[in-house]
Structures are given as C-alpha cells and as structure tokens.
J.: 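I have a structure I would like to understand better, so I am pasting it below and will then ask my questions one at a time.
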Amino acid sequence: MSSDTRIQSVRALEILDSRGFPTLRVTVGLEDGTLASASVPSGASTGENEAVELRDGEARRYGGKGVRKALANVNEVIAPRLIGLDASAQARIDRMMCDLDGTANKAKLGANAILGVSQALARAAAQARRMPLYAYLGGVGAHRLPVPMMNVLNGGKHADSSLDFQEFMIEPHGASSFAEAMRYGSETFQALKKLLHERGLSTAVGDEGGFAPALASNEEACELIVAAIERAGYQPGRDISIALDPAASSFYDEGEYRLTRSRQGNKTSAQMIALYRSWVERYPIVSIEDGLAENDWEGFSAMTAELGDRIQIVGDDILVTNPRFIRRGISERTCNAALIKLNQIGTVTETVEAIELCRQAGWGFVVSHRSGETEDSFIADFAVAMGGGQIKTGSLCRSERMAKYNRLLEIEEALGEGAGYGRSAGIALPQSAMNP
Ligand code: PGA
Ligand code: ZN
C-alpha cells in the first residue's frame, strides 16, 4: 500500500439538487493532498425496495427533506472509521459501511450518506493515481461509449403533462460515434420543439428536461417523436429509435393499470402487454422499462416471453439494482436487462456486483441518473468503465443532464481512435449499432 493514498478526511455538505431539494456532497481528502467530491442524486418514482434515502423529517426545515442526519452520519459515524485506510480498498470500505449500518436496506446510516462516501472514495483514489475515473474503475478495457436514451417527453411523476407514461426517449443508435449521437439527439430535440410550438403546445420542460405538453394520448407522444426524427432528417428505426419508461408502478392501483390522465381507462397486466405489442408493431420501439408494476413479477415474465426476443425489457423498480432481485429476475426470466442506479443500492461495490450478474446472464444493463440530479457526472465515467454501452441521463437541456453528456464527449475525445460506440450486451439493436 502506498502511504499517500491513505484517507485523511471525510466531510459531508448539505447541497441542493436539480429540483431544489437538499442532498449530500461528500469530500474525501487523502494524505497526499488529493481532495475529491461526489454528490448524491434522488428519485421521485422510487421503487419500494430501494435502499433508504435518509431525510430529517423536520417539517419546518425544507418540508422535512433536510439531510442533516445523513450528514452527521458521514461526519461523525463513518469518517472516524475511515481515517488512515487506503482509499483504493473500495470493496473493503464499502463492506465496512454496510456492516456499520447493519440493516438490509441502509436505513440506519442512509444510502445517501454511504453512497456519497463510496463515490467520493473512488474519485479520490483515481485522482491520486492521476487516472481518469473511467479508467480507474474499468481498467484498460474501458473504451466503449454508451448509446444514450434521451428523455425528450416527460410525464408521470416528472411533469404535469397529460401523459401517464413517465419517459419517452430517443436512442440515436445509428450514429457512428457518441459525438454524432449527441448531434442526432439535439437536432431531433430542436425539431420536436418546433413541432410543439407550431401546434400551439407548451415547450416548458419537466424534471429531466423533456417537454411536458398537454397531448391527447400516450400514442400521440410516439407519433410526435417519429415526426421530429423525420423533420431533423433522420430515419426512424434506422438512425434513431424510441425507448419508453412508463414507470407503471406509478399508475398501478388495486390490481389495475389506470391510464387516467390520457383517459384510456383501466387495464389488466395482459391488456398492457397487448398494448405494448401493438405499439412495438406501429412505432420504432427498441426498449421498454417498467412497462408493468414493481410487484407484477408474473406479468413481467409474460411480457419478456412475448416481446423479449424483439426488444429490450428493462427492470428498474422491480430490480432496484439489488443483486438479490436481479438473481430472482434472471431465474424467472423477468426481463432481459436491468436499469442500474447507484443510489438504489447504495455502494459502488454492490452496483458493480449487480452489473456482473447481468453480464453473466447475457442481459443488457443501462446506467442511469435519477430525476433529481446534481452537476456531478460520476455516472458518465461509470458507464464507460462498466462497458455495457447504454446510459439514460435525460434530455438535451438542463445542465445537470448535460454535465453527463459533456463528460462523455470529453471521454470519447480522450480515447481517440480507441473509442467504440454502441450496446455491447443484451438484445442487439437494429442495423449497424454494434460498433467495435
Ligand atoms: P426517478 O425516475 O429517478 O424519479 O425514480 C427515473 C426512472 O424511473 O427511471
Ligand atoms: Zn424507470
């Protein structure tokens, strides 16, 4: 062990996220003078089995959303135990924090406290070695830039739009590089803005930077996206396809899927699958995440059996980046891909373990932001390090989303000729997206 990478200080700060709610930034200092920080994101449509985000619950301070308890847990409980340890002992320190917490869901110290430390630690260790974070976490093999899922129309819990479905995304998988994918996405986003404007619809944006207009139906959202792709000069299905995250737990109630906002009535699990099947036939859809609710394991398996050979079926709320649920999902063929959110499980090490399970099963995996984000771009480096070739990090505006895209542009530039672009695992995309 090199003595200079020993931890000298660990300090948390209460900062504000992209929705203006408190969250944590943790800074780790090493004996060699390295200082590195990481900030923790926060979801709105959270899965019920996610690790616990510890909030103060003091109604008179930030409406109960303060994080001073989690902050104290970093500064007073975790920090003293970490001083003097080697910052590169990531797995050991992550394990120590889990043991110190002692609960199955990090309810005592807070997953926000633990993850802030875990990520800052990785960054500090990378910085001390003068290595970019993606190379430190991913090794010499880390060269693949991810296909972005760009959330251009927001509904559900992320906007007051008329859409029951939370996310309508575009995937520029036909681009030749990540930089080209950004151009495809941005041009389509601007074309969509013009289309909405011409139709007298709002161009105000939701939590993840997608537009949030009052549309007549969820179908109209897909039609508008196809029109925007064409207007920008691209071919739907070849250059750019559609990915959906209905986040169905948010409109599931008493055994029924209630498409209330769009006035499409109540549906059973089987009727939802039939709806998705008809959409997959009509629109260039390549991926559906949380098409069904988090406890509808049977429905998920039925949907994967029916559509899983054609499109990617992604589990988010049902799997919550938790190796325990991913194992069950693999044995029951619940999905063929997992959404990966570091704060659903709470440490870098356990997130890597979740991804390892996906790889072994031949599943795809999508590294993802949360709807409440910060300017931290950790997941950009993390996505390249893990090499799955997919990231979901919002629309083509709002700097907390662009921070990740801009970091990926930097990484691609740094990798130069060695950079690859495209999905590397799971269901293959139409045509030439499988670049080396
Ligand atoms: P959340 O939404 O961050 O609000 O949970 C993102 C998602 O459902 O994928
Ligand atoms: Zn989701």
Side-chain angles (χ1 to χ4, degrees), residues 17-21 23 39-53 55 65 111-112 115 146 148-161 163-171 205-210 212 218 242-252 257 272 276 285 287-296 300 303 311-322 325-326 329 334-346 351 354 364-374 376 378-379 383 390-395 398 400-401 404:
D17 71 14
S18 58
R19 279 192 278 249
F21 292 132
T23 188
S39 303
V40 181
S42 171
S45 63
T46 47
E48 61 187 36
N49 293 312
E50 290 192 20
V52 173
E53 179 180 78
R55 300 232 175 238
K65 284 178 167 286
N112 40 354
L115 182 64
M149 291 181 173
M150 300 155 151
N151 184 9
V152 294
L153 284 171
N154 292 186
K157 285 192 177 171
H158 294 169
D160 296 325
S161 70
L163 301 168
D164 299 292
F165 291 1
Q166 181 178 282
E167 302 174 18
F168 292 81
M169 299 172 280
I170 51 173
E171 265 199 65
V205 298
D207 285 357
E208 296 187 352
N218 296 303
I242 296 177
L244 302 173
D245 178 7
S249 300
S250 64
F251 52 83
Y252 183 74
Y257 293 90
M272 287 302 290
Y276 294 133
I285 293 172
S287 180
I288 302 180
E289 170 188 337
D290 284 0
L292 299 169
E294 61 194 325
N295 293 314
D296 193 353
F300 254 95
M303 181 164 166
I311 63 162
Q312 178 170 260
I313 309 286
V314 188
D316 172 13
D317 291 353
I318 192 169
L319 302 175
V320 291
T321 316
N322 188 320
F325 294 107
I326 294 176
T334 305
C335 326
N336 58 29
L339 203 74
I340 299 293
K341 292 166 167 166
L342 289 132
N343 81 325
Q344 281 182 327
I345 186 72
T351 309
F365 60 92
V366 185
V367 173
S368 171
H369 66 165
R370 298 308 304 245
S371 51
E373 266 295 336
T374 70
D376 191 314
F378 190 97
I379 60 164
Q390 299 191 70
I391 193 168
K392 170 171 120 156
T393 190
S395 182
R398 293 187 62 134
E400 78 279 7
R401 314 295 150 186
K404 283 69 164 175

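Keep in mind it's a predicted model, so treat the numbers as computed, not measured. Each ligand, and each atom within it, is numbered from 1 in the order the structure gives.
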J.: Does Arg370 come within less than 4.0 Å of Asp17, counting only side-chain N to carboxylate O?
T.: no
J.: Is the backbone N or O of Val40 less than 3.5 Å from a side-chain atom of Asn112, with the two atoms forming a donor-acceptor pair by type?
T.: no
J.: Donor-acceptor pair, Ser287 side chain versus Ala243 backbone, under 3.5 Å?
T.: no
J.: Kindly give the heavy-atom pair with the smallest separation between Phe300 and Gly315, and that separation in Å.
T.: CE2-CA, 4.4 Å
J.: Can you list the atoms of ligand 1 that are under 4.0 Å from a heavy atom of Asp316?
T.: 7 (C), 8 (O), 9 (O)
J.: Quick check: Gly372 and ligand 1, any N/O pair under 3.5 Å apart?
T.: no
J.: Give the atoms of ligand 1, by number and element, whose distance to some non-hydrogen atom of Leu339 is under 4.0 Å.
T.: 9 (O)
J.: Look at the aromatic rings of Phe251 and Tyr257 and report parallel, tilted or perpendicular, splitting at 30° and 60°.
T.: perpendicular
J.: State the atoms of ligand 1, each with its element, that fall below the 4.0 Å cut-off from a heavy-atom position in His158.
T.: 1 (P), 2 (O), 4 (O), 6 (C)
J.: What part of Ala247 sits under 4.0 Å from ligand 1 if we count only heavy atoms: the side chain, the backbone, both or neither?
T.: neither
J.: Any idea which atoms of ligand 1 are less than 4.0 Å away from a heavy-atom of Asp245?
T.: 7 (C), 8 (O), 9 (O)
J.: Only one of Ile313, Leu339, Leu244, Asp317 passes side-chain contact (heavy atoms from CB on, under 4.5 Å) with Glu289; say which it is.
T.: Leu339
J.: Looking at Asp316 and Lys341, is any side-chain nitrogen of the basic one under 4.0 Å from a carboxylate oxygen of the acidic one?
T.: yes
J.: For Ser42, is there any backbone N or O sitting under 3.5 Å from a side-chain donor or acceptor partner on Glu53?
T.: no
J.: In ligand 1, which numbered atoms sit nearer than 4.0 Å to a non-hydrogen atom of Lys392?
T.: 7 (C), 9 (O)
J.: Can you list the ligand 1 atoms lying under 4.0 Å from a non-hydrogen atom of Glu289?
T.: 9 (O)
J.: With rounding to 10 degrees, what does the angle Glu289:OE2 / the Zn ion (ligand 2) / Asp245:OD2 come to?
T.: 80°
J.: Inspect the contact between Lys404 and Glu373 and indicate whether a charged nitrogen and a carboxylate oxygen are less than 4.0 angstrom apart.
T.: yes
J.: Restricting to N, O or S atoms of Asp316, which is nearest to the Zn ion (ligand 2)?
T.: OD2
J.: Any idea which of Gly394, Gly156, Ser42, Ser371 brings a heavy atom closest to atom 1 (P) of ligand 1?
T.: Ser371
J.: Should Ser368 be counted as touching ligand 1, given the test is an N or O pair under 3.5 Å?
T.: no
J.: Quick one: does Ser45 get within less than 4.0 Å of ligand 1, heavy atoms only?
T.: yes
J.: Can you sort out which atoms of ligand 1 are near Glu167, meaning under 4.0 Å from one of its heavy atoms?
T.: 6 (C), 7 (C), 8 (O), 9 (O)
J.: For the backbone of Gly43 and the side chain of Thr46, can you confirm whether one donor and one acceptor N or O come within less than 3.5 Å of each other?
T.: no
J.: Which one of Lys341, Lys157, Arg370, His369 has a non-hydrogen atom at the shortest distance from atom 6 (C) of ligand 1?
T.: Lys341
J.: Note the single closest protein heavy atom to atom 8 (O) of ligand 1, along with its residue, its atom name and the distance in Å.
T.: Gln166 NE2, 2.9 Å
